[in-house]
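Below: the structure, in structure tokens.
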Amino acid sequence: MKIYDTLSLTLKELEGNNGKKLKMFVCGPTVYDKPHLGHAKTNIFFDVLAKFLRFKGFRVFYLMNVTDIDDKIISRANEEGRGWNDVVNTYSSSFFEIMKRLRVDSINYYAFATDYINEIIDQISRLQHKGLAYETNDGVYFSVRGFSDYGKLSHQSIDSLISGARISINENKKDPLDFALWKKRKPGEPYWDSPWGQGRPGWHIEDTAITESIFGPQYDIHGGGADLIFPHHESEIAQMEGVSGKVPMVNYWIHTGHLNVENVKMSKSLKNFVSPEDLLKRFWPEAIRIYLLSMQYRNPANYSEKGLIDGQIIAEKISLLKHRVKKYEPSVSDNSIQIINNIISPLENDMNTQEALVLINDFLKESLSIRDKSDKINGEINYVLNTIDEIFGIVHDAPLPDGAVDLILSARNEARKKGDFGTADEIRKKLGELGIRIEDSTEGSFLWW
RNA sequence: GGGUAGGUGGCAGAGCGGCUAUGCGCGGGACUGCAGAUCCCGUUUUAUUGGGGUUCGAAUCCCCACCUACCCUCCA
């Protein structure tokens, strides 16, 4: 497949021989607040990418870090008058909970920064020995002038980065772009012991310490939001390639475009964010996924409520079809495989999820238009839906207790036979309030949800 | 000032040299005890920011202009 690489600014071929291992790392959350829909956009995209790569036969190890020590966490703890650990527990649980509800379940391992303090210290020490880091009275800094490739990911020279910079002058730093590897302890702050005294790690170093200890100095895919290109990912390259001397640190840099609200980036500070938690009260997780996957992953997108409504409509169509065929044994056949290959083919071209969604829609239209299909065809449809769900996670199929469906239907049909439509309609209305739809047709009544 | 992406029908959003998606909305019809859902038809005959150019042929390639978002501070 082809995937766009930020470093080379080109579509790069990602060769796929069966069973090949892929090491994939995506920047996870800083757990100082609840996630917003922009986080969901990025995480759902990489979730689908990982699932698609696995479907293709790659053995993907998907690693995500969790930043659990940071200025924002400390200030949040002070604001709320509780320990930073408490803040971390609250918001990491919140993140995991939301991701689970959004069906983001492809991540193999979450690495918490504070579990890698030794590795971080070790990496900083090695940078220092190589002359790429220096100690000041408030911390240890990376010297960007010592790494000639600094700027290669964001396609900027060090000088042009400085000329447009809005960063405040820090007397301690040799160069304005030098960034903190280790921050020395201030009163009241959490700290760990280190060769430079008590303190805590900088932001960029935690990722390279984690990936080096789990993947080694080189790996395949590194993803994240576009806003992380500079300085975060740029600095990761400087640290890792600086320490190891091995280039490139990663083969594919994949970045997602931001979710905007009325053409302005969704962010906590602007208070223009939409919370997945609130959205989940009104929309199915599958609707949110469909909506987010209807966007080109690396273009900026504008949030629209209407898009979510569209997503919900499609999610319900898929669910309707699933409930029609779920009693048929999923059947693998040339036909079902051909349908699947057709649907996923656009993903080969830089993860064109929008086009895949169009093809899914064609499949839905085709499959929903004829009711009296053979058992074999229904089984094939069921198999296709299972595969679509495996890759995209968009088939809504929450279970009802065994026998509940038959009980409801027989009670209502009893009333209808007697001409008691008042009761029949009342049941339908109440079910609707519970999110369960009922469909009467010449072939009998049918429940779906 | 520098970097990276874009500007397509009422709206959302694809296509990236010829076949002019898709969804929503709107209008009509089929089916139904009624409703919803579903299905069919129409809305789509220059919809492709403006102006040049290349080509037999451009939304798609090139040039110029205008406009937008993001990044160069923490940020997915």
Side-chain angles (χ1 to χ4, degrees), chain A residues 4 6 9 26-30 32-33 35-46 67 70-72 75 151 153-168 176-177 179 203 223-232 234 255-260 262-270 290-291 294-296 298-302 304-314 316-317 319-321 324 346 349 352-362 364-365 367-371 416-417 419-422 424-425 428-429 432 437-442 446 448:
Chain A
Y4 189 83
T6 309
L9 301 180
V26 175
C27 284
T30 300
Y32 70 100
D33 207 342
H36 65 232
L37 195 61
H39 298 101
K41 177 177 184 284
T42 293
N43 283 293
I44 287 170
F45 169 73
F46 284 109
T67 301
D70 162 272
D71 292 353
K72 283 185 175 168
S75 63
L153 184 68
S154 51
H155 306 283
Q156 294 263 69
S157 68
I158 292 180
D159 292 328
S160 66
L161 281 165
I162 291 172
S163 70
R166 288 167 283 168
I167 43 179
S168 54
L177 290 178
F179 54 87
W203 179 36
D227 56 349
L228 297 182
I229 295 170
F230 188 90
H232 190 49
E234 193 73 72
H255 292 99
T256 54
H258 277 94
L259 192 59
N260 298 153
E262 285 164 11
N263 290 320
V264 179
K265 186 170 86 167
M266 181 180 290
S267 73
K268 293 284 177 183
S269 47
L270 293 171
I290 290 167
Y291 167 58
S294 75
M295 304 162 173
Q296 214 294 336
R298 57 191 169 86
N299 288 163
N302 248 317
S304 80
E305 175 101 11
K306 195 170 173 301
L308 278 162
I309 293 169
D310 286 4
Q312 181 67 30
I313 288 166
I314 294 169
E316 289 190 18
K317 277 192 194 183
S319 176
L320 170 64
L321 182 62
R324 281 189 187 170
N349 181 209
N352 188 338
T353 49
Q354 322 78 245
E355 183 65 14
L357 248 19
V358 167
L359 297 174
I360 288 171
N361 219 72
D362 288 347
L364 287 176
K365 200 165 193 169
S367 305
L368 285 167
S369 64
I370 312 161
R371 292 297 295 267
R416 292 175 75 215
K417 267 181 207 151
D420 181 5
F421 297 119
D425 290 354
R428 180 168 63 197
K429 187 162 166 271
R437 313 298 149 85
I438 193 158
E439 179 185 51
D440 296 323
S441 77
T442 47
F446 180 75
W448 59 286

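What you see is a predicted model, and the numbers here were worked out from it, not measured in a lab. The figures here come from the full heavy-atom set of this structure, side chains too, leaving out hydrogens, waters and symmetry mates.
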Hits for ring pair (Phe, Tyr, Trp, His ring centres under 6.0 Å) against A:His255, two or more places apart or cross-chain, chain-then-number order -> A:His233

Give the dot-bracket line for RNA chain B from 5' end to 3' end: parentheses for intra-strand Watson-Crick or G-U pairs under 3.5 Å, square brackets for crossings, | for inter-strand pairing, dots for unpaired. (((((((..(((.....[...)))((((((.......)))))).....(((((..]....))))))))))))....

Should the side chain of A:Asn299 and the base of B:G7 be counted as holding a donor-acceptor pair, with the cut-off at 3.5 Å? no

Which residues share a side chain to side chain donor-acceptor pair (under 3.5 Å) with A:Ser154, sequence neighbours left out: A:Glu234

What residues form a salt bridge (Lys or Arg N to Asp or Glu O under 4.0 Å) with A:Asp310, not counting sequence neighbours? none

A:Asp425: what forms a side chain to side chain donor-acceptor pair (under 3.5 Å) with it, not counting sequence neighbours? A:Arg428

Non-neighbouring partners of A:His232 that pass ring pair (Phe, Tyr, Trp, His ring centres under 6.0 Å), sequence neighbours left out: A:Trp203, A:His204

Which residues satisfy the salt bridge (Lys or Arg N to Asp or Glu O under 4.0 Å) test with A:Lys429, sequence neighbours excluded? A:Glu433

Does A:Lys365 place a side-chain N or O at less than 4.0 Å from the phosphate oxygens OP1/OP2 of B:G23? yes

Calculate the interatomic distance between A:Leu368 atom CG and B:C31 atom C1'; express it in whole Å. 15 Å

Are A:Tyr4 and B:U4 close enough that a side-chain N or O sits under 4.0 Å from OP1 or OP2? no

Mark yes or no for a side-chain to base donor-acceptor pair under 3.5 Å between A:Arg298 and B:A5, with no hydrogen or angle criteria applied. no

Could you list the residues that satisfy salt bridge (Lys or Arg N to Asp or Glu O under 4.0 Å) with A:Glu316, not counting sequence neighbours? A:Arg437

All salt bridge (Lys or Arg N to Asp or Glu O under 4.0 Å) counterparts of A:Asp420, not counting sequence neighbours: none

Is A:His155 near enough to B:G3 that one of its side-chain N or O atoms lies under 4.0 angstrom from OP1 or OP2? no

Check: protein-nucleotides 69-71 of chain B nitrogen or oxygen pairs below 3.5 Å:
from, atom 1, to, atom 2, distance (Å)
B:A69, O3', A:Asn263, O, 3.1
B:A69, O2', A:Asn260, OD1, 2.9
B:C70, OP1, A:Lys265, N, 3.2
B:C71, OP1, A:Lys265, NZ, 2.5

Contacts of A:Lys365 meeting side-chain contact (heavy atoms from CB on, under 4.5 Å) (sequence neighbours excluded), chain-then-number -> none

So which protein nitrogen or oxygen atoms get under 3.5 Å of nucleotides 15-17 of chain B's nitrogens or oxygens?
from, atom 1, to, atom 2, distance (Å)
B:G15, OP1, A:Asn352, ND2, 2.7

